[in-house]
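Sequence positions, counted from 1, serve as the residue numbers for this chain.
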Amino acid sequence: MNEALLRNPNVLDNSNNTTTGRQVYGIRKGDGQKLTDFGLIESLEFSRDPQIRELKGNRKGRTKTYKKVIDEDNLTATFQTSSTGSGPVREWFLGSKPKVAALASAAFEGTKVYALNDVVLAGGRLYKVTTAGTSAAAAPVWPTATGATVASDTVTFTDIGTVADNEIRAFSGDASINRGGVIIVLSTEESDSGRSIIRVYPNADVQGTGEPSIQDFDGYEFEMTTTSNTGFVPPALLGDFATAKPDGVVYDVPNGRLAEAWNLLATALIQHVDPL
């Protein structure tokens, strides 16, 4: 075989046969211009459902197809994550923002009689009274590790975590679809290859569809479906699409520029989905 006729004679090199990691990020309106990292992705599968129009006619006694066009071409991605303990991931899975009920607390008071289970708020953390008594005149040096204790005269306080750790979050049980933008990174940063793939879908519907078991751990399954681009313009620094507004963009990126490309795309996507 004349390898000079091949575009890729090195196709069997080790660097071209590699394993790829998966990262998924999502942004919705009202998320404070922050993306959600969907965490440890177990599986990621893409599929397309093209709607094809055909022009057929019979000119000489036999029906023929004269033209085929793709009228609509929706891309669907199904992925699973084992990061079910993340509050933002859970919000995406349930499809709604929670109604938050905070644990009742108050600032520390010196020489106060504290009852068992009273809660003090200090520095964004909560401290529950586990030994009732009277506090000292000055506040103690509060610990910052959950479960740690501190004494104040005859009172003992136990660190029970942050305010958010102790919230009750109530979600609507009605099914809901998240609408926003999605970035999918197929990373080879820790394998043999020197390039990774970034996929950007500026307008997508994302819905929690199941709770699979993942390697004996809890999991969430999501389905993402792309929708028509409503105005997202890819950063020209990463390839100038001029006035085109594609429904999705795929970037083949050297790993040395992966962080640069991700930052540019994430910033552009945030401004598109959740502008100030």
Side-chain angles (χ1 to χ4, degrees), residues 19-46 75-98 100 124 161-165 167 169 171 176-191 195-215 217-226 232 234-235 238 248-251 253 255-276:
T19 56
T20 303
R22 300 169 288 260
Q23 303 165 25
V24 179
Y25 305 88
I27 176 70
R28 301 173 299 180
K29 191 172 184 62
D31 277 351
Q33 294 200 311
K34 299 285 187 182
L35 287 97
T36 293
D37 183 344
F38 283 84
L40 191 61
I41 303 300
E42 171 67 14
S43 65
L44 174 63
E45 296 181 0
F46 294 95
L75 175 73
T76 297
T78 301
F79 61 94
Q80 297 178 344
T81 176
S82 58
S83 301
T84 58
S86 168
V89 173
R90 189 178 296 115
E91 286 183 16
W92 278 79
F93 180 75
L94 295 171
S96 65
K97 296 282 188 179
V100 176
T162 66
V163 173
D165 291 339
E167 292 173 344
R169 303 182 184 105
F171 295 87
S176 182
I177 296 175
N178 303 282
R179 291 186 173 166
V182 174
I183 297 176
I184 296 175
V185 180
L186 304 177
S187 172
T188 65
E189 290 175 284
E190 297 180 359
S191 60
R195 305 185 71 88
S196 295
I197 299 294
I198 303 179
R199 295 173 175 262
V200 181
Y201 303 104
N203 298 274
D205 292 340
V206 180
Q207 186 175 21
T209 55
E211 299 182 55
S213 176
I214 298 176
Q215 300 179 38
F217 289 86
D218 294 339
Y220 286 153
E221 182 175 88
F222 294 87
E223 183 177 275
M224 179 209 77
T225 303
T226 60
F232 175 79
L238 301 178
V249 188
V250 180
Y251 296 89
V253 182
N255 288 336
R257 299 188 64 188
L258 185 59
E260 171 197 350
W262 188 94
N263 290 336
L264 284 169
L265 291 165
T267 300
L269 193 61
I270 288 170
Q271 292 304 316
H272 170 65
V273 175
D274 193 16
L276 290 174

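Going from atom CD1 of Ile177 over to atom CD of Glu223 covers 9.0 Å, rounded to the nearest 0.5 Å. Thr36 contributes atom OG1, which lies 7.0 Å from atom CD of Glu91 (distance to the nearest 0.5 angstrom). Between the OH atom in Tyr251 and the CG atom in Leu265 there is a gap of 5.0 Å [rounded to 0.5 Å]. In this structure, the separation between CD1 on Ile41 and CD1 on Ile214 is 8.5 Å, given to the nearest 0.5 Å. Expressed to the nearest 0.5 Å, how far CG of Asp218 lies from OG of Ser213 amounts to 7.0 Å. With rounding to the nearest 0.5 angstrom, the CD1 atom of Ile197 is 10.0 Å from the CG atom of Leu258.
Not one N or O on the side chain of Thr81 forms a donor-acceptor pair closer than 3.5 Å with the backbone of Gly39. Judged by distance alone, with hydrogens and angles left aside, the side-chain atoms of Ser83 form a donor-acceptor pair with the main-chain N or O of Leu40 at under 3.5 Å. Listed for the Ser196 side chain is a donor-acceptor partner under 3.5 Å among the backbone atoms of Thr188. No donor-acceptor pair closer than 3.5 Å links the side chain of Arg179 to the backbone N or O of Asn203. The backbone N or O of Leu75 lies less than 3.5 Å from a partner atom in the side chain of Thr226, making a donor-acceptor pair. Remark: side-chain polar atoms of Asn263 are paired, donor with acceptor, to backbone N or O of Ala259 under 3.5 angstrom.
Pairing each heavy atom of Asp31 with each of Asp274, the nearest pair is N-OD2, 3.5 Å. The two residues Arg90 and Gly85 have their closest heavy-atom pair at NH2-CA, 3.6 Å. Nearest heavy atom pair, residue Arg169 against residue Ala164, reads NH2-O, 3.0 Å. Between Glu42 and Arg22 the shortest heavy-atom distance is O-NH2, 2.8 Å. Considering every non-hydrogen atom in both Ser191 and Thr19, the closest pair reads OG-O, 3.0 Å. The two atoms that bring Leu238 and Ala261 nearest to each other are CD1-O, 3.9 Å, heavy atoms only.
For Thr209 and Gln207, the side-chain atoms include no donor-acceptor pair closer than 3.5 Å. Checked by atom type, the side-chain pair Asp205/Thr225 shows no donor-acceptor distance below 3.5 Å.
Under the side chain to side chain contact (heavy atoms under 4.5 Å, CB included) test applied with Gln33, the options Thr267, Leu276, Ile27 reduce to a single match, Leu276.
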Step by step, would you call Gln23 with Asp37 a side chain to side chain contact (heavy atoms under 4.5 Å, CB included)?
CA-CA 8 Å; Gln23 303 165 25; Asp37 183 344; 5.6 Å; no
Go through it in stages, so that I can follow the logic: the residues are Trp92 and Tyr220, the test is side chain to side chain contact (heavy atoms under 4.5 Å, CB included), and I'd like the CA-CA distance, side-chain angles, deciding distance and then a yes or no.
CA-CA 10 Å; Trp92 278 79; Tyr220 286 153; over 6 Å; no
Applying side chain to side chain contact (heavy atoms under 4.5 Å, CB included), run through Val185 and Tyr25 and close with a yes or a no.
CA-CA 8 Å; Val185 180; Tyr25 305 88; 4.1 Å; yes
Side chain to side chain contact (heavy atoms under 4.5 Å, CB included), that's the test. Do Leu186 and Arg199 meet it? Break it down for me.
CA-CA 8 Å; Leu186 304 177; Arg199 295 173 175 262; 4.2 Å; yes
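A 4.5 Å side-chain heavy-atom check between Leu269 and Pro202 finds at least one atom pair inside the cut-off.
Ring geometry for Phe46 versus Tyr201: interplanar angle of 30 to 60°, hence tilted. Using cut-offs of 30° and 60° for the angle between ring planes, the Phe38 and Phe79 rings count as perpendicular.
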